[in-house]
Amino acid sequence: MDKASGVNIQFVPVVVGGNRGAYSLARAFYEAYGVKTHIISPMIIGPIENSRILKNHIQPDIELPEKFFDTIAKIERNFPGMKKIIIGADDRYAEMLVRLQDRFSEQWIVPYVNEEVFGRATNKESFYAACEKAGVPYPKTLVITEFQENLPFAFPIVMKPANSPAYQGLHFAGKEKVYFVNSVEEYRGTYRLMRDGGYSEPIVLQEYIPGDDRSLAVVTAYTSPEDGEVKLIVFGQILLEDHTPTGVGNHLAILARPEDSITEDVRKLIAETGFTGFSNFDLKYDKRTGRYVFFELNGRLGVSNYYVTAAGHNPATYYVDDLIRKVDLPPVVNKREALFNVVPKRLLLKQIKSEPLRKKVKALYQEDKATNPLNAEFETNVKRRAVVWASTINYYRKFKLHPPKE
């Protein structure tokens with residue numbers, strides 16, 4: 001049942017992966033339709049443990065197609081004849097679903113573009129080519145396949161894999177999501193680290209755009225595959241990021257707010273890439289030019305997707321209304337303010353150096369417009385509440401060990 005409209009909708013939501021983003025999307029489905037989400041993951045970890053809104057399916061060999069489809073077949077047997085929609089919770093699982101989408105029966109909705117479009121849009125090298133063609137700002141960039149001594153920009157620089165899904169599955173000592181490099185010696189050592197760790201694809205080198213966490217931003221967009229129109233754009237200003245080596249780039253606190261300056265650039269990039277469904281852009285404000293520059297397009301909802309729901313635009317309803325109910329959706333650009341935050345309020349306020357932003361955060365808490373997606377009132381399990389509390393408090397330790405550098 002669609003709790004908002006009263007329309008009776010029979011469908012089964014399935015999410016692959018067990019991170020905070022998976023739970024956030026399950027919460028969105030529950031809040032909109034009162035349904036449980038089926039989670040397929042290699043193991044049960046904190047966000048998906050002891051939840052009343054989830055049905056967990058543990059598949060340790062999830063990346064082996066025959067094992068993965070064993071679990072898919074089990075869900076099919078339990079819900080014969082019902083529509084099922086399946087979504088990846090991170091880059092790796094979204095890419096897996098794109099690759100395997102033709103193997104699903106007609107019962108399943110796999111809301112992704114084909115492999116060619118997905119690869120072209122999410123590969124950083126081709127994404128920057130799309131930015132160039134569309135006239136959208138992006139950092140000065142060099143993509144290398146082998147070590148190159150002379151660079152077209154000065155240190156410090158940023159190093160990262162051009163192919164995020166290929167890199168995500170690797171495990172090696174010293175691995176970081178993004179590397180901030182201050183000298184040619186560090187550059188050479190980081191290049192060797194990535195290659196020795198098993199990453200053989202192109203590496204992106206970029207100029208460093210100055211600015212702290214609040215210069216960063218995220219944009220979530222939904223584009224209908226039915227008519228190719230961008231139906232939703234939600235901007236979020238990052239207030240705080242994770243600074244642990246393996247967590248760099250994970251958003252911990254996001255202020256959803258209007259930002260009209262990016263709207264046309266988002267539309268241009270979606271048109272240029274031909275991307276449909278949910279896309280997620282990483283940006284940074286360049287105070288030298290007064291514009292936001294675009295870093296990448298992720299072909300999925302972000303791990304911190306609940307900032308979109310908190311702003312009043314539940315992503316689950318876009319999947320269902322567009323792909324199941326076949327409703328003609330109006331284009332919407334978010335005009336509301338809301339706060340997404342997974343760290344203690346006191347810690348967030350301590351880390352924010354801008355007094356106007358501190359006042360804004362306090363006001364949103366007072367107005368009941370601040371949300372931790374893991375902290376839902378309907379989750380009454382004592383063990384779960386204890387795990388969520390402990391993981392929240394643990395951010396004090398993380399920031400003591402890995403404070404922001406700028």
Side-chain angles (χ1 to χ4, degrees), residues 19-21 23-24 27 45-47 156 158 176-180 182 208-220 234-259 282-287 292 295 302-311 336-377 379 384-406:
N19 61 15
R20 185 177 70 222
Y23 180 83
S24 296
R27 178 173 173 177
I45 57 175
V158 177
E176 299 186 14
K177 287 180 66 176
V178 178
Y179 301 86
F180 297 93
N182 294 298
Y208 176 72
I209 307 294
D212 61 13
D213 287 0
R214 59 195 170 96
S215 301
L216 300 167
V218 59
V219 173
T220 299
V234 185
F235 175 90
Q237 180 181 359
I238 309 304
L239 301 184
L240 191 62
E241 283 214 327
D242 194 336
H243 289 269
T244 58
T246 56
V248 171
N250 289 337
H251 311 318
L252 303 179
I254 303 173
L255 171 62
R257 63 170 177 79
E259 182 53 71
D282 288 330
L283 300 77
K284 190 170 187 179
Y285 183 75
D286 190 343
K287 60 186 177 183
Y292 279 96
F295 286 107
V303 173
S304 302
N305 64 75
Y306 203 83
Y307 90 92
V308 179
T309 306
R336 304 177 189 177
E337 289 187 335
L339 178 66
F340 163 101
N341 181 33
V342 298
V343 306
K345 175 184 175 183
R346 182 181 296 179
L347 176 61
L348 175 60
L349 290 171
K350 179 182 178 181
Q351 294 296 327
I352 296 175
K353 307 307 178 187
S354 163
E355 189 56 34
L357 277 178
R358 286 169 55 86
K359 289 181 179 178
K360 174 64 67 179
V361 167
K362 291 177 181 178
L364 289 171
Y365 269 101
Q366 290 171 353
E367 296 164 13
D368 198 25
K369 294 180 180 178
T371 305
N372 180 338
L374 301 180
N375 225 354
E377 289 184 0
E379 296 285 19
R384 177 181 176 80
R385 288 191 168 186
V387 168
V388 171
W389 178 84
S391 66
T392 303
I393 296 300
N394 190 44
Y395 281 109
Y396 281 113
R397 183 184 67 84
K398 286 186 175 183
F399 275 84
K400 186 175 181 179
L401 293 173
H402 302 282
K405 295 178 182 178
E406 185 168 349

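Computed over heavy atoms, backbone and side chain alike; hydrogens, waters and symmetry mates excluded. What you see is a predicted model, and the numbers here were worked out from it, not measured in a lab.
- For the residue pair S354 and R214, the shortest heavy atom distance occurs at CB-NH1, 3.7 Å.
- Nearest approach of N305 to G21, heavy atoms of both residues: ND2-O, 3.2 Å.
- Every side-chain contact (heavy atoms from CB on, under 4.5 Å) that E355 has, sequence neighbours left out, goes to R358, K359.
- Only one option out of L216, I238, N341 pairs with I254 in a side-chain contact (heavy atoms from CB on, under 4.5 Å); it is I238.
- For the atom pair I352 CD1 and D212 CG, the distance stands at 10.0 Å (nearest 0.5 Å).
- Contact check for Y285 versus Q237: no side-chain heavy atoms found under the 4.5 Å cut-off.
- In this view, E379 and Y23, S51, R52, I53, A376, R384 satisfy the side-chain contact (heavy atoms from CB on, under 4.5 Å) rule, not counting sequence neighbours.
- Remark: D282 pairs with no residue by the salt bridge (Lys or Arg N to Asp or Glu O under 4.0 Å) rule, at least two apart or across chains.
- Applying the side-chain contact (heavy atoms from CB on, under 4.5 Å) criterion to P156, with sequence neighbours excluded, gives N182, Y208.
- K369 contributes no side-chain N or O that, together with a main-chain N or O of R336, makes up a donor-acceptor pair within less than 3.5 Å.
- Heavy atoms only, all atoms of each residue included: S24 and V303 are closest at OG-O, 4.3 Å.
- How far OG1 of T244 is from CG of L401: 10.0 Å, rounded to the nearest 0.5 Å.
- Annotation: the span from K353 atom NZ to D213 atom CG amounts to 10.5 Å, rounded to 0.5 Å.
- Evaluation of the side chain to side chain donor-acceptor pair (under 3.5 Å) rule for Q351 yields no partner, not counting sequence neighbours.
- Sorted by first and then second residue, the salt bridge (Lys or Arg N to Asp or Glu O under 4.0 Å) pairs involving residues 234-246 (not counting sequence neighbours) form an empty list.
- In this structure, L255 CG and Y307 OH are separated by 11.0 Å, a value rounded to the nearest 0.5 Å.
- By the 4.5 Å heavy-atom criterion applied to side chains, P47 and L374 are counted as neighbours.
- The nearest pair of heavy atoms linking F399 to L347 is CD1-CD2, 3.9 Å.
- Across every non-hydrogen atom of T392 and V342, the tightest pair is CG2-O, 3.7 Å.
- Between A310 and A338, the closest heavy-atom pair is O-CB, 3.4 Å.
- Qualifying ring-ring contact (aromatic ring centres under 6.0 Å, His included) partners for F235, counting only residues two or more places apart in sequence or in other chains: Y292.
- When side chains are defined from C-beta on, V158 counts as touching F180, because their heavy atoms get closer than 4.5 Å.
- Applying the salt bridge (Lys or Arg N to Asp or Glu O under 4.0 Å) rule to E176 yields no partners; only residues at least two apart in sequence or on another chain are considered.
- For the side chain to side chain donor-acceptor pair (under 3.5 Å) test, residues two or more places apart in sequence or in another chain that qualify with R397 are N394.
- Considering only residues two or more places apart in sequence or on other chains, K345 meets the side-chain contact (heavy atoms from CB on, under 4.5 Å) condition with L349, Y365.
- The shortest side-chain heavy-atom distance between N250 and K177 falls under the 4.5 Å cut-off.
- The salt bridge (Lys or Arg N to Asp or Glu O under 4.0 Å) test applied to R20 returns no partner, not counting sequence neighbours.
- Distance OH/Y395 to CG/L252: 5.0 Å, rounded to 0.5 Å.
- Not counting sequence neighbours, the partners of K360 by the salt bridge (Lys or Arg N to Asp or Glu O under 4.0 Å) test are E337.
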side-chain contact (heavy atoms from CB on, under 4.5 Å) between F295 and I209, worked out: CA-CA 11 Å; F295 286 107; I209 307 294; 4.2 Å; yes
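- Atoms CZ and CG, on F340 and N372 in that order, are 7.0 Å from each other to the nearest 0.5 Å.
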